[in-house]
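Worksheet: one structure, shown below.
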Amino acid sequence: MKTEDFIKLLFDRADAAGLTEYEVYCSSGKSFFVNVQNGEPEKYTVNSFTGISFRAKQDGRIGYCSTTAAEPELADFLVRGVLENLSVLTGTDEQFIFEGSKHYEEVNGYSAELAALSDAEKIDYARRIEKAAMQQEGIVRVMHAAVAYGEGEVYISNSKGLNLHSRDNYIYAYCIPIASDGKSANNGMAYAFATSADGIEPEKLAAEAAEKALAGLHPDKVKTGSYKAIFSGETMGDLLATFSSVFSADAAQKGISLLAGKENTVIASSAVTLRDDPLSPLAPLRSAFDDEGVATKSKAVIDKGVLTTLLHNLKTAHKAGTESTGNGSKAGYASSVSVSPRCFFIEPSDITQQQLFARMGDGLYITELNGLHSGANPASGDFSLSAKGYTVCGGKKERAIADFTVTGNFYSLLKDIEAVSSVITWGLPPETGSPDVMVSSLMVSGE
């Protein structure tokens with residue numbers, strides 16, 4: 001049954017049951033993944049999904065029910081489930097069925113050309129990645145030469161006249177080769193994300209991954225001490241993603257973010273402008289509305305060091321007496337709504353990476369962080385993470401280094417940023433990104 005027809009049937013059943021304020025959230029999509037080993041698919045999966053969440057408001061409470069198919073008989077199931085849920089609810093938090101924003105940007109994230117890319121062509125991409133990596137001298141094996149494709153579609157409709165629809169698709173690939181000279185071995189990783197059929201360049205991706213693996217074959221030790229340092233865009237993006245919850249108004253209202261009450265105060269250096277902007281031309285994936293149907297916004301969360309806003313959904317905005325920032329988020333088609341960034345990135349400057357290195361002179365270039373889930377505490381901002389990277393001498397990247405630990409505090413790190421570079425590196429998935437950033441001081445535990 002078509003999604004639009006199912007929604008109409010569901011709303012007819014809701015009206016017949018006496019419900020007057022209700023909403024449906026429908027998400028569907030499909031995914032593809034292949035990993036090639038020795039020229040053949042070692043892992044190959046194709047999946048599709050549908051998720052429908054229905055909710056209704058009655059006496060200030062909202063009841064939920066969900067299903068995984070848009071079949072006619074499930075319309076009655078959803079309505080009955082909501083009524084049963086409402087009969088036992090005791091929660092006191094005010095809930096909302098949103099009537100819609102005044103304006104939504106036009107966003108087209110779907111490429112028909114990319115959707116037409118066959119599974120055979122995607123597998124060929126993976127084969128090319130593996131072959132190109134193995135052609136690099138010193139590469140003895142490719143652990144992963146993977147290509148993935150995904151597409152998704154969302155409908156949000158409610159009794160207040162809200163009717164929204166979005167559709168997008170993307171492709172990404174990654175390569176993890178192993179380099180060895182018979183005495184030492186090391187792996188490297190490179191990845192690419194695109195929204196067009198020609199956005200993945202297998203040979204370029206393989207060469208980048210191989211270069212990383214080979215460069216770290218015989219890493220040196222680094223002495224314990226305080227250093228000037230540059231975090232690569234990838235590692236700074238990892239830190240930003242790990243600590244993104246501190247910018248949530250929900251975390252602030254629950255007392256688990258140190259940014260509570262800090263709006264309009266300086267929390268970072270003037271070199272830092274942190275944006276949440278899913279409408280930006282820089283955004284790999286753009287979106288016009290959040291998971292509550294609120295129009296997304298272009299906003300500087302930190303503007304030249306000053307915290308201008310926390311991120312809000314409808315509930316946290318109501319508590320704070322402000323408007324939602326368009327950051328309501330659902331996990332799939334889940335009933336609960338959290339707060340999270342949609343496209344979070346540090347704004348780049350006009351400084352090249354080479355100029356950033358020259359400005360630092362001597363120090364460390366941090367290219368890999370490990371232990372982010374166990375070694376970072378968003379509540380306090382503290383982190384202690386194993387790392388890899390390079391020494392920088394006279395503005396030039398030199399020796400590979402490994403087996404050291406970087407320690408610090410995220411809030412302090414924001415204030416220690418002296419400059420940022422001109423090119424953003426996006427994570428995977430590309431919801432968080434950063435240029436290279438230079439900090440005045442970083443504590444390192446080595447030998």
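- The nearest pair of heavy atoms linking C175 to A209 is O-CB, 3.5 Å.
- The closest donor-acceptor contact from the side chain of E323 to the backbone of A317 lies at 3.5 Å or more, if one exists at all.
- A salt bridge links K122 to D119: one of the charged nitrogens lies within less than 4.0 Å of a carboxylate oxygen.
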Worked verdict on C343 versus W426 for side-chain contact (heavy atoms from CB on, under 4.5 Å):
CA-CA 10 Å; C343 182; W426 293 97; 3.6 Å; yes
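- Under the salt bridge (charged side-chain N to carboxylate O under 4.0 Å, His left out) rule, D276 has a single partner from R342, K297, K299, which is K299.
- Taking 4.0 Å as the cut-off between side-chain N and carboxylate O, K212 and E208 count as a salt-bridged pair.
- Proximity of a side-chain donor or acceptor of Q353 to a complementary backbone N or O of S421 within less than 3.5 Å is not detected.
- Classified by interplanar angle (parallel below 30°, tilted 30° to 60°, perpendicular above 60°), the ring pair Y22/F54 is tilted.
- There is no side-chain donor-acceptor pair under 3.5 Å between T235 and D238.
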Tell me, with the steps shown, if S298 and D277 meet side chain to side chain donor-acceptor pair (under 3.5 Å).
CA-CA 5 Å; S298 299; D277 190 354; 2.8 Å; yes
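- The aromatic rings of Y44 and F32 lie perpendicular to each other, with more than 60° between the two planes, well past the 30° mark.
- Geometric assessment of K330 against the ring of Y25 yields a positive cation-pi assignment under the 6.0 Å and 45° thresholds.
- Applying the salt bridge (Lys or Arg N to Asp or Glu O under 4.0 Å) definition to pairs two or more places apart or across chains, none involves residues 421-445.
- Geometric assessment of R55 against the ring of Y64 yields a negative cation-pi assignment under the 6.0 Å and 45° thresholds.
- Between F33 and Y149, the distance separating the two ring centers is not shorter than 6.0 angstrom.
- Residue pairs satisfying the side chain to side chain donor-acceptor pair (under 3.5 Å) criterion with at least one member in residues 248-263, sequence neighbours excluded, are listed as follows: D250-K254.
- Aromatic rings of F383 and F410 (six-membered ring for Trp) have centroids beyond the 6.0 Å cut-off, not under it.
- With sequence neighbours excluded, the residues that form a side-chain contact (heavy atoms from CB on, under 4.5 Å) with A185 are I178, S180.
- A salt bridge is defined here as a Lys NZ or Arg NE, NH1 or NH2 lying under 4.0 Å from an Asp or Glu carboxylate O, and R127 with E40 meets this definition.
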